[in-house]
Amino acid sequence: MRSRLHLALLVLAIGVAWPGIATAGEDEPTTTAPPTGTPTAPPPTTIAPGEEALGGTLTESGEPVEGVTIRVEGVEGNPVGEAVTAEDGTWRIPVPEPGRYQVTIDVDTLPRGVDLRDEKRATLEIPVFPGRPSVALFALGELDTGGRPSTLERLAQSSVNGVKFGLIVAMTSIGLSLIFGTTGLINFAHGELVTFGAILAWFLNARGPNWQLILAGVAAAAIAGLLGGALEWSVWRPLRRRQVGLFQLFVITIGLSLLVRHALLIWFGGQRRQFTDYTIQKEWELGPVSITPRDLTIMIASIVILVAVATMLQRTRIGKALRAVSDDIDLSEASGIDVQRVILVVWVAGAALAATGGIFLGTIEAVDWEMGTRLLLLMFSAVILGGLGTAYGAMVGGLVVGLVTEVSTIWVSPALKIVFALAALVLALLVRPQGLLGRKERIG
Amino acid sequence: MSTEPLVAALEIVAGYVPGVDVLTGCSVELHEGEIVGIIGPNGAGKSTLVKAIFGLVAVRSGKVTLRGEDITSRPPHELVARGIGYVPQSANVFPSLSVTENLEMGAYLRPKTFRARFEELAVLFPRLAERRRQRAASLSGGERQMLAMARALMMAPAVLFLDEPSAGLSPTFQDQVFDRVIDINQAGVAILMVEQNARRCLEIANRGYVLDQGRDAYTGEGRELLEDPKVIELYLGTLARGR
């Protein structure tokens, strides 16, 4: 027993000492997106009063457009100046004083095949403030006849985003749900397993061995699984054996969460970083929906993993034993199942799944030291919504939570999307207190 | 009864909360081929005794033996491997598992024997074979009790512990349960049964123990105990006297 606690302390000590061995450098490739079809503006710098001007850069698909005439008039229609875009697409027209001006692009001078994206926006009214140059942006590109996408199209797009995100929530929640189902432990530190997987994969991919992301991801998920098993073996099993209460264990998970999160912060730093593979991709247009090949691959991989987990639970001996232990731990023991071994399997598999979800999320978005913590509330919602303690509940709950958060952004600010997931949780529990797939506890 | 008992519990002291002993020195014996009933008032420690013998409750002092070998506080899955089956009182099936899966869990330690054993038990419990795909949660109380017994028999144990098998069942189902207990016993399984239905239990039991406040107060032949005035007065109540 004592040797296990020593091992746990050793693991923690290594985790804390690690940043000294391999601290992430500061010279990271930044995560800025490349310029797209929209024109880029020169940085506004302070200029002397009386030298106010209007200017801009005309580009189309990242290429400068030369020889286009642009006129500036006062609001009453009095001409102020005229310019032709230079070789690099820039133009600049000085104006006499601050105020509002009408800027018109001469559509007839546009090169063949280049159009204004919105033909109604050939004339723009731009304010010019004292001491600062103002920028007029003309978006060039294919003629956008459809205007803004319809609500139906946005619904389709946000549903796809929701399923994409929901699959990841589902994957990370399975472990949380099964750990609760088998041992009754509410693992507040489950989010850190998500972060750990992503950060470890980043170090294997962008630092150290510089492995290709898929290799780095598989290795990181496997190591995270081992970490989960080590935690169960060195911390939770001895504590259970000493009959420490569930509430005490819950508080320990909160402390563990803080400890691991800040160890990860020291190791990784506070920035958002990206993997070196699959960062920038052109989206595929599939009907009303656009998706990058990377995201589509991740969705398919997530589905394959979830189906594999379900098959494992449904068909294999250990999977059936796992459901049995979730149902009734004493009866499992009385049936001859080695319950402690099953719980170890739950921790290894649950941690590996959480880490895989973290790696997927890091690939879609970016890796940072708090990504798992942000996901934790959604994971808890998914687990409770689906029905505590069952893997299928976590899957269904995760998908619902992902869909609700993303679809809600059609109507409300994305900053509020998590609120909607929780509102859906409250509503669902009012109708089905045991969760979507949960079963009612028999009374008496 | 001079032969060595199959299972023996000697002066067992056990309990759940530290410092509070539910059993205060309780001894029972079970011999090959017997049905032994354990009766007594509520709170006498009947269920605790079975759980202590089966390793689900820690034994504080005393000794449990199986064929003379010390098995005190061994983990249950080890006892299952050594041929002891146990059916708890409530929560005795896995509700979210199908009937077949419940029985597979019963044969967890010997998955290869599952098919053959399933066919054998299907004769004893035809209802279960009919409902093999159904989730256990959808079974009636009587069917659950049958499933629980079948699950415990999957490993072909030498000994079966039953904790209040007739609790909460209608009289018809109670009769069925006791009939099955006799069938199982006649197939060569020794049975240690805790019952709140003392009369029915002692009618089919070879021997009985009366527990009182954590100790074995009386013991004797099943029929004998039924007619013992002290037992009637204390534990069988007026209903029994009327018969």
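All values below come from the heavy atoms of this structure, side chains included, with hydrogens, waters and symmetry mates left out.
Enclosure of atom CD in Q243(A) is not indicated, since only 12 or fewer non-hydrogen atoms of other residues, nucleotides or ligands lie within 6.0 angstrom.
Side chain of R317(A) to backbone of Y108(B): a donor-acceptor contact under 3.5 angstrom is found.
Taking 4.5 Å as the limit, every side-chain heavy atom of V80(B) sits out of range of all side-chain heavy atoms of E333(A). Between P88(B) and L331(A), some side-chain heavy-atom pair lies under the 4.5 Å cut-off. Looking at R323(A) and F94(B), their side chains never come closer than 4.5 Å, going by heavy atoms from C-beta outward. Between H77(B) and R341(A), the closest side-chain pair of non-hydrogen atoms is not below 4.5 Å.
Proximity to chain B involves both the backbone and the side chain of Q314(A), based on heavy atoms less than 4.5 angstrom apart. Only the side chain of E104(B) comes within less than 4.5 Å of a heavy atom of chain A; its backbone N, CA, C and O stay farther away. Contacts of T390(A) with chain B are absent, with no heavy-atom separation under 4.5 Å from either backbone or side chain.
The most heavy-atom pairs under 4.5 Å with chain A, out of P111(B), G106(B), A81(B), come from P111(B).
To the nearest 0.5 Å, atoms CE (M105(B)) and CG (D328(A)) are separated by 13.0 Å. In this structure, L109(B) CG and S335(A) OG are separated by 9.0 Å, a value rounded to the nearest 0.5 Å.
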